[in-house]
Amino acid sequence: MTTRSAGRRRARRRGRLPLVLAVPALIGLAFLVVPLAGLLVRAPWSTLADQLFSEEVGQALLLSVVCASLATLVCLVLGVPLAWLLARGDLPGRGVLRALVTVPLVLPPVVGGVALLLVLGRRGIIGQHLDAWFGISLPFTTAGVVIAEAFVAMPFLVIAVEGALRGADPRYEEAAATLGASRWLTFRRVTLPAIAPGVVAGTVLCWARALGEFGATITFAGNFPGKTTTMPLAVYLALETDPGAAIVLSIVLLLLSVTVLVSLRDRWISSPA
Amino acid sequence: MTLYADLVVARDTGFRLAAHLTIEPGQVVALLGPNGAGKTTALRALAGLVPLTDGTVRLDDDSWDAPPGVFVPTEHRPVGVVFQDYLLFNHMTALDNVAFGLRARGTDRATARTAARQWLDKVGLGDHALTKPRALSGGQAQRVALARALATDPRLLLLDEPLAALDASTRVHIRAELGRHLADYPGHTLLVTHDPLDAMVLADHLVIIEHGEIVQQGPPAQVARQPRTDYVAQLVGLNLYRGTARDNVVTLDDASGGGELTVAEPATGQVHVAFPPTAVSLHPRPPAGGPRNSWPVTVVHVEQHAHTVRVRLDGMPPVLADVTPATVAELHLSPGTPLWAGVKATETTTYPS
């Protein structure tokens with residue numbers, strides 16, 4: 001008796017949400033969900049299969065997945081050591097360094113693209129030497145897409161891995177040292193397994209961000225179908241010529257995003273503890 | 001083959017460790033002291049996890065640390081460490097944990113695994129080779145940690161509160177087992193602990209450290225008989241006083257609480273006087289006759305131990321007494337009760353301070 005009435009009272013208390021909060025909350029929810037639903041409503045379901053397997057979509061999708069994966073690989077190879085340096089390195093001005101690393105996170109991607117052009121463009125600070133000495137030109141190439149995506153996505157990985165590293169007990173590394181393990185062996189066999197969940201979460205986020213990259217990519221790599229036209233670029237272009245195709249491409253991206261969310265649900269979204 | 005350590009470590013916090021240790025092969029030295037005394041800092045300095053500010057660590061002619069020139073990093077020192085909470089690698093099996101040190105030092109996988117298996121058998125955990133640390137009990141984890149530390153055949157074994165994380169019943173058992181392994185171990189052992197029983201049972205030589213400095217050292221039996229500081233006296237359960245002796249009478253220092261004690265052995269100059277709480281008798285009135293010391297005291301605190309009751313008494317000097325529950329009832333002992341304390345001169349030990 002008592003427990004049930006207590007339960008009901010608790011339920012009523014939880015249900016009594018003030019209107020001042022309830023109304024904007026529902027509007028906010030609708031604001032986030034309705035556009036996505038609209039995408040599904042307006043989808044050209046009859047011709048969906050044809051559109052989905054058309055050459056343009058396939059080409060953009062393949063390019064997107066390949067570039068995002070390569071960019072993620074670059075981020076892993078460079079970002080994990082960078083995260084280690086930020087978390088464990090005994091260097092001055094670590095706070096400033098950490099802030100610098102997160103700049104691309106808040107920077108408008110177009111600005112990132114412009115910055116990349118100024119440095120790696122054919123007349124750029126480094127780019128002119130690459131061109132003159134090695135004949136390498138990065139802008140408006142598939143490699144350029146990878147670079148633009150990595151530039152924008154790396155902070156996601158670095159922040160996730162650094163957080164995991166700072167949460168990991170460094171005394172395990174000391175224990176490994178007393179057993180004769182070098183720092184590199186300790187990192188591979190002790191530290192990395194301990195932070196694996198953080199690395200996986202960071203990698204998935206990084207990949208998702210790279211996949212959706214638009215601003216820096218179109219600025220630095222331009223729009224050449226089959227070479228630099230990734231899915232987001234294709235969506236934007238198709239919107240003017242073939243809205244149906246734009247919707248199909250968008251749905252594909254939406255599905256990919258939801259898959260990423262679901263795969264991360266346990267590790268990232270719902271476990272602050 | 002002696003390990004010689006002159007440890008000086010200064011911290012930014014103002015804490016300073018300055019301790020001189022020598023450990024012979026096969027010897028177990030216990031470093032005993034209260035929390036924050038610098039025990040763990042000393043152990044970490046020997047392991048190379050903390051660099052010395054000054055001084056030296058060397059094993060025979062191999063210098064491990066001698067600022068400013070020499071510092072051998074931890075991974076190149078032939079040490080084995082058992083940490084207080086063991087720090088077993090949770091993603092590896094017990095076997096891989098024990099094999100880790102051998103693999104890190106260049107042994108091939110098959111040989112390392114065979115040796116690790118032998119070590120697990122030796123500590124009685126042959127059946128748990130493929131168990132992950134989280135599935136081991138506290139006692140089992142401790143034994144894996146010991147096997148892991150010993151598997152690399154270190155010249156110096158460092159034990160940091162190796163029994164502190166165990167519950168009381170497991171502790172007795174694991175302590176005896178650890179004692180057997182230490183007896184078999186030919187290298188140098190340093191045991192850091194704040195438990196006097198661990199130190200007395202496991203070590204050949206006690207070094208007592210307070211506020212970063214060594215205050216007393218010697219064989220366990222001697223330290224237990226003749227404590228030199230209040231901390232040590234408390235550890236070994238003795239009443240301890242300092243004073244000036246003239247023949248059989250010791251005038252106690254004010255710091256010891258004042259008063260006079262008649263002792264069995266005549267002495268002169270500065271001395272320590274010690275006697276066990278069981279030597280103290282309590283009386284409602286001044287006791288008559290016999291060569292005993294007696295002085296008025298007041299009960300401060302009454303505490304039940306296993307079969308005796310420990311009574312803390314204030315007076316000149318203050319004293320601890322162990323009495324039977326029957327005495328407590330007879331004398332109606334409670335805080336504030338005025339009494340007379342009596343100690344026979346023959347129960348006291350006097351030694352120069």
Side-chain angles (χ1 to χ4, degrees), chain A residues 76 79-81 83-85 87-95 157 160-204 263-264 266-268 271-273, chain B residues 40 43-51 64 72-93 96-107 109 112 116 119 132-133 141 144-160 190:
Chain A
L76 271 172
V80 173
W84 183 83
L85 192 74
R88 291 278 194 277
D90 194 15
L91 35 95
R94 208 156 45 151
L157 182 91
V161 175
E162 198 215 341
L165 272 171
R166 288 214 273 173
D169 191 341
R171 294 183 311 142
Y172 285 97
E173 292 161 22
E174 293 186 345
T178 67
L179 291 164
S182 66
R183 290 190 102 177
W184 170 231
L185 181 72
T186 303
F187 180 76
R188 275 191 302 135
R189 295 289 317 279
V190 176
T191 314
L192 212 49
I195 61 163
V199 175
V200 170
T203 305
V204 175
S263 75
L264 273 182
D266 300 330
R267 295 209 159 89
W268 190 259
S271 64
Chain B
T40 298
L43 179 137
R44 291 172 63 79
L46 289 174
L49 296 171
V50 167
W64 291 0
V72 178
T74 302
E75 60 265 30
H76 294 135
R77 297 189 187 192
V79 296
V81 184
V82 175
F83 293 89
Q84 181 170 357
D85 39 4
Y86 318 135
L87 301 177
L88 297 176
F89 304 130
N90 287 316
H91 58 280
M92 295 182 200
T93 61
D96 286 337
N97 263 282
V98 178
F100 184 89
L102 292 167
R103 294 283 292 137
R105 288 170 201 265
T107 311
R109 184 183 292 267
W119 270 105
K132 293 276 180 74
V144 173
L146 182 67
R148 184 176 74 170
L150 287 173
T152 56
D153 198 15
R155 312 249 334 251
L156 171 63
L157 180 64
L158 301 165
L159 308 167
D160 189 3
L190 182 80

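How far CD of A:E173 is from CG of B:L49: 11.5 Å, rounded to the nearest 0.5 Å. With rounding to the nearest 0.5 Å, the separation of CZ in A:R189 from CZ in B:F89 is 9.0 Å. Note: B:E75 CD to A:T186 OG1 = 7.0 Å, rounded to the nearest 0.5 Å.
Only the backbone of B:L88 has a heavy atom closer than 4.5 Å to any heavy atom of chain A. Proximity to chain A (any heavy atom under 4.5 Å) is shown, for B:H76, by neither the backbone nor the side chain. With a 4.5 Å cut-off on non-hydrogen atoms, B:N90 touches chain A through its side chain but not through its backbone.
Closest of all the heavy-atom pairs between A:L179 and B:A104 is O-CB, 3.8 Å.
Heavy-atom neighbours of chain A within the stretch residues 145-154 of chain B, taken at a separation under 4.5 angstrom, comprise B:R148, B:T152.
By the 6.0 Å contact criterion, CZ on A:R88 is enclosed, its count of non-hydrogen atoms from other residues, nucleotides or ligands being greater than 12.
Within the structure, the salt bridge (charged side-chain N to carboxylate O under 4.0 Å, His left out) test picks out the following pairs touching residues 80-89 of chain B (sequence neighbours left out): A:R171-B:D85.
Counting only distance, with no hydrogens or angles, the side chain of B:R77 and the backbone of A:T178 share no donor-acceptor pair below 3.5 Å.
Listed options B:L102, B:T74, B:L87 were ranked by heavy-atom pairs under 4.5 angstrom with chain A; first place goes to B:L87.
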